[in-house]
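What follows is a single structure, written as structure tokens, with notes after it.
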Amino acid sequence: MVSKKSVGFVLVVGLIVISYFSVIRSRKSDVLIIGEAEATSPSIWLEEATNSDGSLKIVGKRKTVGENIGYSFNILDNQNNTNLLLFETVADIGQTFAIPSNSWSSDNKYLFIQKNYLGGKDYYVFKADGSSFGDSKKFLEVGEYWRQSGNKEIIDHVSGWAGADLLVAYTTEPDGTGSKAYWFVIGSRKFMQVREL
């Protein structure tokens with residue numbers, strides 16, 4: 001006949017064994033969770049740009065997604081306390097995106113971001129309210145309109161805004177010499193050379 005002490009002893013040992021394996025199991029789960037968290041890259045915030053009165057801000061972040069880099073850009077409206085996703089993309093190899101400090105137009109209706117790639121730079125112009133342009137384009141790619149103009153010069157950089165819808169682009173000759181300034185007129189999507197006095 002089995003005594004009550006023996007049964008009690010077996011039960012206590014059984015509970016200890018079950019508790020031990022439960023702890024080991026939960027520790028394995030913690031290790032897996034930590035390992036998975038380390039495999040996912042944290043977001044890196046880009047430089048941001050604020051409009052002239054500080055009421056609007058464009059912020060961007062970069063995050064590794066598998067083998068690629070994803071970018072997202074948001075408009076923060078401090079007066080209305082809103083956060084609007086303006087644009088997100090997965091960059092091609094060799095591409096990066098940046099927010100120039102002078103992104104906002106003087107009337108706060110437009111802004112631009114810079115795309116860097118192995119062959120140079122391009123610029124995307126957006127409506128600040130996130131809406132599309134008349135032909136359903138989400139953004140205007142300045143380089144695309146420059147190529148359509150047939151001009152052989154190369155856009156070296158965009159310096160900012162000369163007016164509410166005039167984005168200033170500086171060019172060089174293909175050999176890197178010379179410099180000319182043009183306005184990219186958002187309304188007409190045409191370039192006008194700035195005359196030097």
Side-chain angles (χ1 to χ4, degrees), residues 32-148 154-170 183-187 189:
L32 289 175
I33 290 169
I34 291 168
E36 289 170 3
E38 289 173 352
T40 304
S41 173
S43 296
I44 297 172
W45 292 95
L46 305 176
E47 292 290 326
E48 55 191 44
T50 305
N51 70 340
S52 59
D53 68 5
S55 61
L56 298 169
K57 184 187 301 185
I58 179 169
V59 298
K61 63 182 174 179
R62 181 183 81 186
K63 184 172 184 173
T64 302
V65 183
E67 299 286 318
N68 302 309
I69 304 293
Y71 287 86
S72 61
F73 297 90
N74 290 62
I75 302 294
L76 305 180
D77 183 335
N78 295 327
Q79 291 177 340
N80 298 314
N81 198 27
T82 60
N83 182 348
L84 170 72
L85 176 62
L86 180 70
F87 176 65
E88 61 184 346
T89 188
V90 174
D92 293 334
I93 293 173
Q95 285 183 349
T96 61
F97 286 84
I99 301 171
S101 59
N102 53 356
S103 289
W104 291 91
S105 65
S106 59
D107 62 359
N108 302 321
K109 289 185 179 177
Y110 303 106
L111 63 126
F112 72 99
I113 62 173
Q114 179 176 316
K115 178 177 83 172
N116 304 302
Y117 57 95
L118 297 177
K121 302 172 195 164
D122 204 348
Y123 302 87
Y124 293 174
V125 178
F126 295 86
K127 287 188 172 183
D129 64 4
S131 64
S132 296
F133 289 88
D135 54 1
S136 301
K137 286 190 176 198
K138 181 70 176 164
F139 57 87
L140 304 180
E141 190 174 346
V142 175
E144 173 188 347
Y145 291 100
W146 182 253
R147 288 186 293 278
Q148 288 175 9
I154 297 166
I155 293 180
D156 180 67
H157 68 280
V158 166
S159 66
W161 298 88
D165 73 339
L166 302 175
L167 192 62
V168 182
Y170 287 91
W183 288 336
F184 176 58
V185 184
I186 305 302
R189 303 182 197 181

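Quick caveat: nothing in here was measured; it's all calculated off a predicted structure. Here, residue 1 is the first one in the sequence, and each next residue gets the next number.
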Query raised in the report: Can you tell me how far CD1 of I99 sits from CD of E48, rounded to the nearest 0.5 angstrom?
Result: 7.5 Å

Query raised in the report: Taking the side chain from S103 and the backbone from F112, do they hold a donor-acceptor pair closer than 3.5 Å?
Result: yes

Query raised in the report: To the nearest 0.5 Å, how far apart are CD in E144 and NZ in K137?
Result: 3.5 Å

Report task. Would you confirm whether N116, through its side chain, and A98, through its main-chain N or O, come within 3.5 Å as a donor-acceptor pair? Result -> no

Requested in this report: Using atom types as modelled and distance alone, determine if a side-chain donor or acceptor of Y123 lies under 3.5 Å from a backbone N or O of V158.
Outcome: yes

Report task. Name the orientation class of the two ring planes belonging to F139 and Y124 (parallel below 30°, tilted from 30 to 60°, perpendicular beyond 60°). Result -> parallel

Report summary line: For W104 and W161 the tightest heavy-atom approach is O-CD1, 3.1 Å

Requested in this report: For L46 and Y71, work out which heavy atoms get closest and say how close.
Outcome: CD1-CD2, 4.1 Å

Query raised in the report: Near Y170 OH, under 6.0 Å, is it more than 12 heavy atoms from other residues, nucleotides or ligands?
Result: no

Requested in this report: Mark yes or no for whether N51, through its side chain, and L56, through its backbone, hold a donor-acceptor pair below 3.5 Å.
Outcome: yes

Report task. Would you give the length of the straight line joining atom CZ of F87 to atom CD1 of I75, rounded to the nearest 0.5 angstrom? Result -> 12.5 Å

Query raised in the report: Checking W45 side chain against V59 main chain: does a donor-acceptor pair fall under 3.5 Å?
Result: no

Query - Flag side-chain contact, heavy atom, 4.5 Å: Y110 against K127 - result: yes

Report task. State, to 0.1 Å, how close S106 and G163 come at their nearest heavy-atom pair, and which atoms those are. Result -> OG-C, 3.8 Å

Report summary line: In terms of heavy-atom contacts, F97 and A91 come closest through CE1-CB, 4.2 Å

Query raised in the report: Does V185 reach the side chain of L166, with side-chain heavy atoms less than 4.5 Å apart?
Result: yes

**Report entry** From OG (S105) to CG (L167), nearest 0.5 Å
**Finding:** 9.5 Å

**Report entry** Atom pair CG (N83) and CG (D77), whose distance is rounded to the nearest 0.5 Å
**Finding:** 10.0 Å

**Report entry** Candidate pair L86 and I113, rule side-chain contact (heavy atoms from CB on, under 4.5 Å), full reasoning
**Finding:** CA-CA 11 Å; L86 180 70; I113 62 173; 5.7 Å; no

Query - Atom pair CG/CG of L85 and N74 - distance to nearest 0.5 Å - result: 5.0 Å

Query raised in the report: Looking only at heavy atoms, what is the nearest atom pair of G130 and K138, with distance?
Result: O-NZ, 2.6 Å

Requested in this report: Could you tell me whether a side-chain N or O of D122 sits under 3.5 Å from a main-chain N or O of G143, the two making a donor and an acceptor?
Outcome: yes

Query raised in the report: Do you know which two heavy atoms are closest between A128 and L84, and how far apart they sit?
Result: O-CD2, 4.0 Å

Query raised in the report: Would you say V65 and V90 make side-chain contact, with heavy atoms under 4.5 Å?
Result: no

Query raised in the report: Is any side-chain heavy atom of K115 less than 4.5 Å from a side-chain heavy atom of E141?
Result: yes

